Amino acid sequence: MSKPTPISGFPEWLPAQRMIEQNVVEKIRSTFELYGFAPLETRAVEPMDQLLRKGETSKEVYVLRRLQEDPAAGGGDDALGLHFDLTVPFARFVLENSGKLQFPFRRYQIQKVWRGERPQEGRYREFLQADIDVVDRDTLPFHYDTEMPLVIGDAFRSLPIPQATILVNNRKVCEGFYRGLGLEDPDQVLRTVDKLDKIGPEKVAALLVETAGATDAQARACLRLAEISTGDASFVDAVRALGVSNALLDEGLEELVRVVDAAAEHAPGLIRAELKIARGLDYYTGTVYETQLRGYERFGSICSGGRYENLASAGNERFPGVGISIGVSRMLGLLFGHGALSVSRSVPTCVVVALPHEDLRGRCDGIARALRSRRISTEVAPSAAKFGKQIRFAERRGIPYVWFPGAGGEPDTIKDIRSGEQVEADAATWTPPAGDLLPEVSGAR
RNA sequence: GUGGUCGUAGCUCAGCUGGUAGAGCACCGGGUUGUGGUCCCGGGGGUCGCGGGUUCAAGUCCCGUCGAUCACCCCA
């Protein structure tokens, strides 16, 4: 049998990286809970018609099929697919369980999702997302739109990663502006303007004239709007200066100001109003978020979301929501790729108990048990090799301490192999410095 | 899903116009007969991503495929 090879787009981390991931996820999770988001996990699969309810994303959905299956039965409305985000399954869950939930309902979900896209650095087919959403019945107060970035800001500040900037826009601003200009197809304009960074203003203007029925003047105005980017509420003056008036535009500006002002008060420097960002998903109706990491701008957003007015609705019931999702795998993949994250050791072990002789394994196991009973991660050396080798066993793994059972009635000793310092110790009482108890994750090298 | 670039030891790479694989680091052993990291000596390890083709002969040329990466699409 030949050597197995990776499957494109399905990353597998080494233990050291997995420890970083677990550490990062735990910090994100605790931040979410600090804000009162309740834990939720939904199944990995959804009926295809649920997944395809919004937008034409069908080509990226992985379909579930049994090996022994009647070919004629596949592909119906009841076919199953792996979820490609956590918002759509959540919307379904809310509709299904609305009678058992209290509203406004705020929950977090940290789960794998799957997309059949072509992988690249930081883009995978199987990846982890950490998502928060708030939904309410009929209407959802706007202040939740201002809260989302603050939660994310706190989560990111708890991690040893480069500075994150959340870019915010509001679809009402764009749509209102375009309509105020007299453009009939705001969605088409939005899609075109979204290409600004890739193809440049000249080509966008030409495309607007070509595909969205814009005049040269209208196209120029759209570009002027897209240029606006401010860290405070001054974007309003910049928009007003373009001389377009429209009720929806006014509403959008007012909302966007509230988001920016809230961040200015609680998390200065976290947010920029960036009027060119659009977001691909078509269920967003108001606020939209994207997030860049300093130094990693070219890799795009590692955390995005927005306001959706109609995603969770069935019959008379309607549950508008707002949410944002951290692309954990994407973020880690990028940082790993640039050597920007490290752990103090490659295993959880804090202490290796040296084994002087195989006959003493029982005594060494006892020492390990005593340490473990006080939550100190301990393993006993694999074999009674020379002490030099046993120390090297620990060193290779970054394990900071080696415990030496005392011979012939001598007291035990413990050696910090980083400093070489070795002192007497009692397994019933010895405790490592707080910083050595668990592996420490840090940024850069 | 479409197109481009790349793919030699665990890692970084060398291998000229085709002549059946090499270095540094890492790893293992010994010097140092039970306390590592330096130094010296020695050693193991490669179906040259995989499969097919051209050729007397392919790591080297051709085709396919898988993987990585980039652009498009889309997006975490």
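Just so it is clear: chains get the letters A, B, ... in the order the sequence lines come, proteins before strands, and each one is counted from 1. Keep in mind it's a predicted model, so treat the numbers as computed, not measured.
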(Q) Less than 4.0 angstrom from a charged side-chain N to a carboxylate O is my criterion; do A:E309 and A:R171 meet it? (A) no

(Q) Taking B:G4 as the reference, what is the distance to B:C39 when you measure between their C1' atoms (whole Å, please)? (A) 50 Å

**Q.** A:Q218 versus A:Y178, side-chain donor and acceptor atoms under 3.5 Å
**A.** no

Q. If you check the A:R298 side chain, which of B:C70, B:A76, B:G36 turns out closest?
A. B:C70

Q) Aromatic rings A:Y296 and A:H338: how do their planes relate, parallel, tilted or perpendicular, breaks at 30° and 60°? A) perpendicular

Q) Partner of B:C61 by Watson-Crick or G-U wobble geometry, both contacts under 3.5 Å, or none? A) B:G53

Q: Using the P atom on both, measure B:G43 against B:U33 and round to a whole Å.
A: 22 Å

Q: Using a heavy-atom cut-off of under 4.0 Å over every strand shown, decide if A:G333 touches base, sugar-phosphate, or nothing.
A: nothing

Q. Say you pick atom C1' in B:G37 and the same atom in B:C27; how far apart are they, in whole Å?
A. 15 Å

Q. Mind checking who B:G46 pairs with, Watson-Crick or G-U wobble, both distances under 3.5 Å?
A. none

Q: Among the candidates B:U2, B:A76, B:U35, find the nucleotide nearest to the side-chain atoms of A:S304.
A: B:A76

**Q.** Ionic contact status for A:E395 with A:R392, cut-off 4.0 Å
**A.** no

(Q) Can a side-chain donor-acceptor contact be found between A:Y35 and A:D154 if the only test is distance below 3.5 angstrom? (A) yes

Q.
Under a 3.5 Å threshold, yes or no: a donor from one side chain and an acceptor from the other, between A:S229 and A:R272?
A. yes

Q) Tell me: CG of A:L293 to C1' of B:A76, nearest whole Å? A) 12 Å

Q. Which value, rounded to the nearest 0.5 Å, describes the distance between A:L275 atom CG and A:T230 atom OG1?
A. 7.0 Å

Q: Round to a whole Å and report the spacing from CD of A:E60 to C1' of B:C72.
A: 15 Å

Q) Can you tell me how far C1' in B:G64 sits from the matching atom in B:C28, rounded to whole Å? A) 40 Å

Q) Taking the same atom, P, in B:U47 and in B:U38, what whole-Å distance lies between them? A) 30 Å

Q: Could you work out which one of B:G37, B:A71, B:G31 sits closest to the side chain of A:E395?
A: B:G37

Q) Have A:T287 and A:E255 got a donor and an acceptor in their side chains that come within less than 3.5 Å? A) no

Q: Report the nucleotide, chosen from B:C66, B:G36, B:C75, that has the shortest atom-to-atom distance to any side-chain atom of A:R330.
A: B:C75

Q: Nearest whole angstrom, please: distance from the P of B:C72 to the NZ of A:K203.
A: 11 Å

(Q) Reading RNA chain B from 5' onward, which residue's closest nucleotide shows up sooner: A:Q422 or A:S325? (A) A:Q422

(Q) Just N and O in the side chain of A:R396: are any of them under 4.0 Å from OP1 or OP2 of B:C28? (A) yes

Q) So which nucleotide from B:C74, B:U35, B:A71 ends up closest to the side chain of A:I391? A) B:U35

Q. Partner of B:G24 by Watson-Crick or G-U wobble geometry, both contacts under 3.5 Å, or none?
A. B:C11

Q) What does A:G122 touch in the nucleic acid at a heavy-atom separation under 4.0 angstrom: a base, only the sugar-phosphate, or nothing? A) base

**Q.** Phosphate-side-chain proximity, A:S8 and B:A68, N/O vs OP1/OP2 below 4.0 Å
**A.** yes

Q: Could you tell me the separation between the CZ atom of A:R118 and the C1' atom of B:U5, rounded to a whole number of Å?
A: 13 Å

Q.
Counting only Watson-Crick pairs (N1-N3 plus N6-O4 or O6-N4) and G-U wobbles (N1-O2, O6-N3), all under 3.5 Å, who is the partner of B:G18?
A. none

Q) With a 4.0 Å cut-off on heavy atoms, is A:I302 in touch with a base, just the backbone sugar-phosphate, or nothing at all? A) sugar-phosphate

**Q.** Base partner of B:C6, which must satisfy Watson-Crick or wobble distances under 3.5 Å
**A.** B:G67

(Q) Roughly how many Å apart are B:U12 and B:C40, using the C1' atom of each and rounding to a whole number? (A) 25 Å

Q.
Which nucleotide wins on minimum distance to the side chain of A:Q120, given the candidates B:A76, B:C70, B:C27?
A. B:C70

Q: Find which nucleotide of RNA chain B each of A:I326 and A:G9 is nearest to by heavy atoms, and output the residue with the more 5' nucleotide.
A: A:G9

**Q.** Listed nucleotide nearest any side-chain atom of A:F127, set B:G67, B:A76, B:C70
**A.** B:A76

Q: Pick the P atom in B:C50 and in B:C66, then give their distance to the nearest Å.
A: 15 Å

Q | Length of the CD-C1' vector between A:E121 and B:A68, whole Å | A | 10 Å

Q) Do we count A:Y124 as stacking onto B:A76 if the rule is ring centres under 5.5 Å and planes under 30°? A) no

Q) At under 4.0 Å between heavy atoms, what does A:G420 touch on the DNA or RNA strands: base, sugar-phosphate, or nothing? A) base

Q. Rounding to a whole Å, what distance do you find between A:L14:CG and B:G10:C1'?
A. 11 Å

Q: Please determine, for the side chain of A:K389, which listed nucleotide (B:A68, B:G29, B:C72) has the closest atom?
A: B:G29

Q. Base, sugar-phosphate, or nothing for A:K112, non-hydrogen atoms under 4.0 angstrom?
A. nothing

Q: Please determine, for the side chain of A:R123, which listed nucleotide (B:G36, B:C74, B:G67) has the closest atom?
A: B:C74

Q: Fit a plane to each ring of A:Y283 and A:Y308, take the angle between them on a 0 to 90° scale, and name the class: parallel (under 30°), tilted (30 to 60°) or perpendicular (over 60°).
A: perpendicular

**Q.** Rounded distance (Å) that lies between atom P of B:U35 and atom CD1 of A:I399
**A.** 20 Å

Q. Across all strands, who's sitting opposite B:C72 as a Watson-Crick or G-U wobble pair, both distances under 3.5 Å?
A. B:G1

Q) So what does A:R392 hit on the nucleic acid, given a heavy-atom distance under 4.0 Å: a base, only sugar-phosphate, or nothing? A) sugar-phosphate

Q | A:T5, nearest nucleotide to its side chain (from B:C66, B:U2, B:G30) | A | B:C66

**Q.** Separation between the P atoms of B:G53 and B:C16, rounded to whole Å
**A.** 25 Å

Q: Figure out the CD1/P separation between A:I152 and B:A76, and round it to whole Å.
A: 13 Å

